[in-house]
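Accompanying notes for the structure given below.
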Amino acid sequence: MAILGIETSCDETAAALVTDEGEILANVVASQAELHARFGGVVPEVASRRHLELVTPVVSRALTEADATLDEIGAVAVTTHPGLIGALLVGVSAAKALAWARRLPLHPVNHLHGHVASLYLQPTDLQPPFTCLLASGGHTMLLDVQSRGGYRMLGTTLDDAAGEAFDKGARLLGLGYPGGKEIDALAKQGDPAAYDFPVAKVGGLDFSFSGLKTALLYRVRELDPGELARRRADLAASYQRAIVRALVERVRATGAERVAVVGGVAANSELRAALPEATLAPLPLCTDNAAMIASAARYTDPVPYPEYLSLDARATA
Ligand code: KG4
Ligand code: ZN
């Protein structure tokens, strides 16, 4: 029997089949990035409507890719929080309907626990304890992970998330959305020492990225369009260097020996190279997907049939 995972918290409509042992049988992600690109960011109501169109075909495709039918599904798992409320509701409604029709149990999953659980899938199969850097478009956190069922937060961002800093920086540089991948690629052609961007000095194990974004804004404003075009790669490389330094410094400050990195920003090539001893989520599992949601469900209690019909989504963590 497999777990069917469904994820619709932001702009990826995703479904996956995962076994109890953490083997991925199918992992389908339909990205809406192109749909939102012309707005320079995710438009919540546009995302909700697109999820509605995509969720059923994406679940069907996951079943087809796994060469399975609903008869082989033992439980359904779905992201219930945090995320865009309208987007979450589409996934939760689809999951409830599927589970109810088949009289299956339903696992409500915290999206952040899902990112951490990307490390519990085969072949990574990481065993706690470890310290986890979770860096995505919505969150940047350091987590103390003692068991697969949860974690304790050690630090979080006081303002923007690291992925948000990438996305807003890309926008200032006139690059596309989502910005992390674009900056990552352009930075390879630039000089990371060309500009000296600040790493925020905040106490404890917290992060701050809003000052960095403002510093980039001032640099960009000083340049006329021709100069900006010539310096764009240097700006991207220097800006990325500052974000990566801030993340790596905080990881080192924990003193942890066993470190893991998850979330969309974990796909960043400079960050991956800067933490060679860390366990890194595999690239396809860094950005949002449903395999990680099904994986997290392996370590949470399901809500039995039909109690979950009253289950709700929630925007906050
Ligand atoms: O985990 P994720 O898919 O969604 C959230 O839960 O937020 O993360 C998306 C974020 C975006 O901000 C995107 O720009 C960033 O991950 N990202 C990257 C890279 N690929 C995606 N940031 C830096 N370098 C990358 N290669
Ligand atoms: Zn995410």
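In listed order, ligands and their atoms are each counted from 1. Just so it is clear, the structure is predicted and the values come from calculations on it, not from any experiment.
- Looking from atom 21 (C) of ligand 1 to the surrounding protein, the closest heavy atom is Gly264 O, 3.4 Å.
- What sits closest to atom 22 (N) of ligand 1 on the protein, heavy atoms only, is Gly180 CA, 3.3 Å.
- Distances below 4.0 Å separate heavy atoms of His115 from the following atoms of ligand 1: 1 (O), 6 (O).
- From the protein, the heavy atom lying nearest to atom 9 (C) of ligand 1 is Gly137 N, 3.7 Å.
- Residue contact annotation: His111 has a non-hydrogen atom under 4.0 Å from ligand 1.
- The single protein non-hydrogen atom nearest to atom 2 (P) of ligand 1 is Asp288 OD1, 3.3 Å, given as residue, atom name and distance.
- Near Ser136, meaning under 4.0 Å from any of its heavy atoms, are these atoms of ligand 1: 1 (O), 5 (C), 6 (O), 7 (O), 8 (O).
- Electrostatic pairing of Glu222 and Arg219 counts as a salt bridge here, judged by a charged N lying under 4.0 Å from a carboxylate O.
- Using modelled atom types, one side-chain atom of Ser238 and one backbone atom of Asp191 make a donor-acceptor pair closer than 3.5 Å.
- Checking only distances, Gly263 never comes within under 3.5 Å of ligand 1, N or O to N or O.
- Interface of Gly138 with ligand 1, defined as ligand atoms under 4.0 Å from a residue heavy atom, comprises 7 (O).
- Under 4.0 Å is where a charged nitrogen must lie from a carboxylate oxygen, and between Arg61 and Glu65 at least one such pair does.
- With salt bridges taken as basic N to acidic carboxylate O contacts below 4.0 Å, one links Arg148 and Asp125.
- Note on ring orientation: taking the six-membered ring where Trp is involved, the planes of His115 and His111 are perpendicular (angle over 60°, cut-offs 30° and 60°).
- Proximity of a side-chain donor or acceptor of His51 to a complementary backbone N or O of Cys10 within less than 3.5 Å is detected.
- Counting only protein N, O or S atoms closer than 2.8 Å to the Zn ion (ligand 2) gives 3.
- Of all the atoms in ligand 1, the ones that sit under 4.0 Å from a non-hydrogen atom of Asp184 are 24 (N), 25 (C), 26 (N).
- Residue-ligand proximity, Asn268 to ligand 1, at heavy-atom distances under 4.0 Å covers atoms 23 (C), 24 (N), 25 (C), 26 (N).
- Within ligand 1, the atoms closer than 4.0 Å to a non-hydrogen atom of Gly163 are 12 (O), numbered from 1 in the order shown.
- Looking only at heavy atoms of the protein, atom 11 (C) of ligand 1 is closest to Asp167 OD2, 3.6 Å.
- In terms of modelled atom types and a separation under 3.5 Å, the side chain of Arg50 and the main chain of Thr13 share no donor-acceptor contact.
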